[in-house]
Amino acid sequence: PIIPGVSIVANTGVSICAGATATFTATPINGGSSPAYQWKINGYNVGNNSNTFSTSVLSNGDQVSCELISNADCVSAYPAMSNILTMMITQNPTASNAGPDQNLCNLTTAILAANNPVIGAGSWSVVSGIANISDTLSPTTSVTGLITGSVTLRWKISNPPCTSSYDDVTISVSASPTIANAGPDQDLCNLTYATLSANTPNVGNGSWSVVNVSGVGSVTIADPLSPN
């Protein structure tokens with residue numbers, strides 16, 4: 001007599017992410033020229049008469065198997081039962097939120113404000129720029145060693161084998177502006193104009209404004225952006 005058999009495998013393996021599609025393939029042994037297939041989940045019939053079966057609605061612990069009916073001559077042990085695949089379903093990680101961008105002035109440290117994952121584990125990394133992350137696993141870690149310019153940090157939440165979720169935060173650090181010097185006070189006699197002599201800033205931009213006018217009339221600044 002001919003003893004038929006069948007074995008099944010999943011293209012994803014038995015560990016998959018919730019909502020992912022798993023395709024199962026049956027390989028017959030002594031199946032004859034036109035074997036029939038009956039796929040099963042937890043013993044209930046599913047799928048079509050095909051050597052493959054795909055689904056994206058598996059639950060954790062579901063058991064997938066396949067029956068094979070051989071049309072070969074002189075078959076015994078009818079029908080043939082496959083091995084059983086017990087599926088392990090992993091939930092998608094919490095959506096990552098790295099917190100708001102930060103604009104700092106003349107600071108070398110910052111505190112991050114990412115979300116604490118409900119599912120999965122989070123970790124920080126430097127995408128661009130210079131920074132030292134005190135605790136790469138803490139959503140609210142401190143960052144040190146910042147310099148003038150910007151640094152982009154990434155908060156990634158992972159729960160393998162699911163696709164990781166990530167979000168970026170940018171910290172921009174500006175240098176302190178040059179200390180303003182408006183020039184010496186001026187005492188004029190019967191003049192309607194004056195030339196100012198403020199310092200030209202090395203860092204930042206300067207601009208004039210009228211704070212107070214003593215006496216009658218008004219003051220017009222010819223070029224509010226020129227130091228003199």
Side-chain angles (χ1 to χ4, degrees), residues 1-99 112 114-127 133 135-141 152-169:
I2 295 176
I3 300 176
V6 59
S7 63
I8 63 172
V9 295
N11 68 323
T12 59
V14 295
S15 180
I16 66 172
C17 189
T21 298
T23 298
F24 301 87
T25 301
T27 301
I29 301 170
N30 297 324
S33 60
S34 182
Y37 301 89
Q38 179 59 68
W39 291 94
K40 295 177 179 291
I41 295 180
N42 301 326
Y44 294 95
N45 293 345
V46 293
N48 299 314
N49 179 17
S50 170
N51 70 323
T52 61
F53 166 63
S54 296
T55 181
S56 60
V57 292
L58 291 168
S59 298
N60 191 50
D62 277 352
Q63 294 186 322
V64 180
S65 59
C66 183
E67 280 184 358
L68 177 137
I69 301 175
S70 172
N71 70 339
D73 294 333
C74 303
V75 171
S76 64
Y78 177 93
M81 293 297 301
S82 74
N83 54 307
I84 296 174
L85 299 181
T86 300
M87 305 303 294
M88 295 181 291
I89 311 302
T90 303
Q91 296 300 310
N92 284 288
T94 301
S96 175
N97 184 341
L112 301 177
N115 61 327
N116 195 19
V118 176
I119 299 174
S123 63
W124 287 103
S125 61
V126 178
V127 178
I133 302 171
D135 183 354
T136 58
L137 303 182
S138 170
T140 55
T141 184
T152 299
L153 305 171
R154 176 165 294 171
W155 179 238
K156 182 173 72 173
I157 301 177
S158 303
N159 196 32
C162 299
T163 301
S164 297
S165 171
Y166 68 86
D167 187 39
D168 294 344
V169 60

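Sequence positions, counted from 1, serve as the residue numbers for this chain.
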**Over 12 non-hydrogen atoms of neighbours within 6.0 angstrom of CG in N45** = yes
**Request:** Would you give the length of the straight line joining atom OG1 of T25 to atom CD1 of I8, rounded to the nearest 0.5 angstrom?
**Result:** 9.5 Å
**Asked** Are the side chain of S70 and the backbone of N30 linked by a donor-acceptor contact shorter than 3.5 Å?
**Response** yes
**Request:** Run the numbers on Y37 and T52 for side-chain contact (heavy atoms from CB on, under 4.5 Å), then give the verdict.
**Result:** CA-CA 9 Å; Y37 301 89; T52 61; over 6 Å; no
**Message:** Please identify which of these residues, S165, S125, P117, meets the side chain to side chain contact (heavy atoms under 4.5 Å, CB included) condition with W155.
**Reply:** P117
**Asked** Given side chains that start at C-beta, do those of P93 and S158 come closer than 4.5 Å, heavy atoms only?
**Response** no
**Item:** For I89 against A18, the heavy-atom pair lying closest together
**Value:** CG2-CA, 3.6 Å
**CA sep, side-chain torsions, deciding dist, call: N48, W39, side-chain hydrogen bond (donor to acceptor under 3.5 Å, both in side chains)** = CA-CA 7 Å; N48 299 314; W39 291 94; over 6 Å; no
**M88 CE to T12 OG1 distance, which is reported to the nearest 0.5 Å** = 10.0 Å
**Asked** Does any donor atom in the side chain of N92 or N159 lie under 3.5 Å from an acceptor atom in the other side chain?
**Response** no
**Asked** Is there side-chain contact between P139 and L112, with at least one heavy-atom pair below 4.5 Å?
**Response** no
**Message:** I need the minimum non-hydrogen distance between R154 and Y166, along with the two atoms involved.
**Reply:** NE-CD1, 3.3 Å
**Message:** Any side-chain to backbone donor/acceptor pair from D135 onto T141? Under 3.5 Å, distance only.
**Reply:** no
**Message:** Test side-chain contact (heavy atoms from CB on, under 4.5 Å) on Q38 and F53; report intermediate values, then the result.
**Reply:** CA-CA 10 Å; Q38 179 59 68; F53 166 63; over 6 Å; no
**Item:** Any P160 side-chain heavy atom under 4.5 Å of T90 side chain
**Value:** no
**Fill in**
Separation between CD (Q91) and SG (C162), nearest 0.5 Å, reads 7.5 Å
**Request:** Check S123 against L137 and note the closest heavy-atom contact, atom names and distance.
**Result:** CB-CD2, 4.0 Å
**Request:** Would you confirm whether T86, through its side chain, and Q63, through its main-chain N or O, come within 3.5 Å as a donor-acceptor pair?
**Result:** no
**Item:** Side-chain donor/acceptor of N115 to backbone N/O of A95, under 3.5 Å
**Value:** yes
**Request:** Output yes when a side-chain donor or acceptor of D62 lies under 3.5 Å from a complementary backbone atom of M87, and no otherwise.
**Result:** no
**Message:** Pairing donors with acceptors under 3.5 angstrom, does anything connect the side chains of N71 and S33?
**Reply:** yes
**Request:** Search all heavy atoms of A26 against all heavy atoms of V6 and return the closest pair with its distance.
**Result:** CB-CG2, 3.8 Å
**Item:** Donor-acceptor contact present, side-chain N97 to main-chain A114, <3.5 Å
**Value:** no
**Asked** So, the side chain of W124 versus the backbone of L153: is there a donor-acceptor pair under 3.5 Å, distance only?
**Response** no
**Message:** I'd like to check the side chain to side chain donor-acceptor pair (under 3.5 Å) partners of T21; sequence neighbours left out, ordered by chain and number.
**Reply:** none
**Asked** Which atoms form the tightest heavy-atom contact between I157 and S96, and what is the distance?
**Response** CD1-CA, 3.8 Å
**Item:** Pairs where residues 21-58 contributes a residue and the test disulfide (SG to SG under 2.5 Å) is met, not counting sequence neighbours
**Value:** none
**Prompt:** What's the shortest heavy-atom distance between C17 and P161, and which atoms?
**Reply:** N-CG, 4.1 Å
**Message:** So, taking the atom named CD1 in I29 and the one named CD1 in I3, what distance separates them when rounded to the nearest 0.5 Å?
**Reply:** 10.5 Å
**Item:** Reported OG-to-CG distance for the pair S7 and L85, which is rounded to 0.5 angstrom
**Value:** 9.5 Å
**Item:** Separation between SG of C66 and CD1 of I41, rounded to the nearest 0.5 Å
**Value:** 11.5 Å
**Request:** Please tell me if the side chains of I84 and V64 come closer than 4.5 Å, counting only heavy atoms from C-beta onward.
**Result:** no
